[in-house]
There are 2 protein chains.
Amino acid sequence: MKMRNVRKYLKEFNGVSITAQRELLMGLIHKSQGHISAKELYKNAVKKNGSISLATVYRNLKLFKELGIIEERRFGNLSCYYELKHANSHQHLVCKCCGTIIEFETPLIQKIIEQVEENYSFNVLKAEIYLEGFCKECNNADNNTVRGYSMS
Amino acid sequence: MKMRNVRKYLKEFNGVSITAQRELLMGLIHKSQGHISAKELYKNAVKKNGSISLATVYRNLKLFKELGIIEERRFGNLSCYYELKHANSHQHLVCKCCGTIIEFETPLIQKIIEQVEENYSFNVLKAEIYLEGFCKECNNADNNTVRGYSMS
DNA sequence: TTAGATGCAAATCATTTGCAATGAA
DNA sequence: TTCATTGCAAATGATTTGCATCTAA
């Protein structure tokens, strides 16, 4: 991502200053083109700026989240994943074996939201579908493992 | 829950012994009739058995999970919630303000699974929908707060 | 008797926070 | 100059683990 665009992003918000760390982190999040954890982001950032701290990564992830630039997701793990907020909402399909994360969309989620708003008088602000299973390749392989554990 | 039923549950598994702590924890999980966190479970357990340890709670939650008796859920928080595995799958609707958790069912989730299995050659083993928003009461109230933060 | 279970304290992992030093506007 | 931001280290909260002791089978 061009520096100019990052600046544009951040400049829209009053009182938020543009620092080298923020530009770096935003650039890396853009490059990740998908989901990245705080630790991965930190590791990548250190390669470019040896003195950046994990605290700065967390603080800025929190800031970007509050500014509505990124979203935070949990995929069963203890740690979170972060991704740029897309215009179009999408859902996640995760392989228990190889960890591949596939994004997909479905108009049915809108139907579900409507049903729930109707039935429970709820004002739904966020809808997430999380599907887990085995992808084609892992399903065929013999030596399946689930996040490091053998499942023979 | 009657002790006999707890024993029946645990006896089905070889090598798993029936301890007072396990009976207590299973009973409390049953009584909770919904979602309970490890900490809440521990607090309730201590009332009946002053010397039970948090480690025992976590170890047994892990065991029950492995035995397929309970399920682990994350609702955006850092900590997990545990619930008995129901025969019928159900989804969750959480109020950002008061924290109420509503369970609901929808046949549309099956449709989504079918679509995904078809489109991505995935073998889907688990499907979770998580909806978040404001319940009727909180939506009407003036002083809405989101998990402790004011949103005036 | 003996493998599995427990309690305790210490360890880990992800995330947050206090504080003094630094840097953007 | 001034207030936001950073790096560092220590704190926190959830969960796990090592170890000596206990207990169900």
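The chains referred to below are lettered A, B, ... by the order of the sequence lines, with proteins before strands, and numbering in each begins at 1. Every value quoted in this text rests on a predicted model; they were computed, and no experiment measured them.
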Starting at atom [atom1] of [X], determine the distance to atom [atom2] of [N], rounded to an integer number of angstrom.
| X | N | atom1 | atom2 | answer |
| --- | --- | --- | --- | --- |
| A/Glu23 | D/dT5 | CD | P | 14 Å |
| B/Leu63 | D/dT16 | CG | C1' | 15 Å |
| B/Leu61 | D/dA14 | CG | P | 14 Å |
| B/Glu66 | C/dA5 | CD | P | 11 Å |
| B/Phe64 | C/dA5 | CZ | P | 11 Å |
| A/Met26 | D/dT5 | CE | P | 15 Å |
| A/Ile18 | C/dT22 | CD1 | P | 23 Å |

Between [X] and [N], does any side-chain N or O lie under 4.0 Å from OP1 or OP2?
| X | N | answer |
| --- | --- | --- |
| B/Thr56 | C/dG7 | yes |
| A/Thr19 | C/dA24 | no |
| A/Gln21 | C/dG23 | no |
| A/Arg22 | D/dT6 | yes |
| B/Asn60 | C/dT6 | yes |

Whether A/Arg22 side chain and A/Ser17 backbone form a donor-acceptor pair below 3.5 Å: yes
Please confirm whether the backbone N or O of B/Gln115 pairs with a side-chain atom of B/Asn119, one donor and one acceptor, at under 3.5 Å? yes
Test side-chain hydrogen bond (donor to acceptor under 3.5 Å, both in side chains) applied to B/His35 and B/Arg73, B/Glu40, B/Glu83, B/Glu71, the passing residue: B/Glu83
Check the surroundings of atom NZ in B/Lys126: do more than 12 heavy atoms from other residues, nucleotides or ligands lie under 6.0 Å from it? yes
Checking A/Tyr82 against A/Glu72: is there a side-chain donor and acceptor pair closer than 3.5 Å? yes
Distance-only polar pair, side chains of A/Glu132 and A/Tyr130, donor-acceptor under 3.5 Å: yes
Using a 4.0 Å cut-off on protein heavy atoms (strictly under), produce a 5'-to-3' string for nucleotides 8-17 of chain C with B for base contact, S for backbone-only sugar-phosphate contact, and - for none. B-----SBBB
Flag the pair A/Glu23 / A/Ile18 as yes when at least one side-chain heavy-atom distance between them is below 4.5 Å, and no otherwise. yes
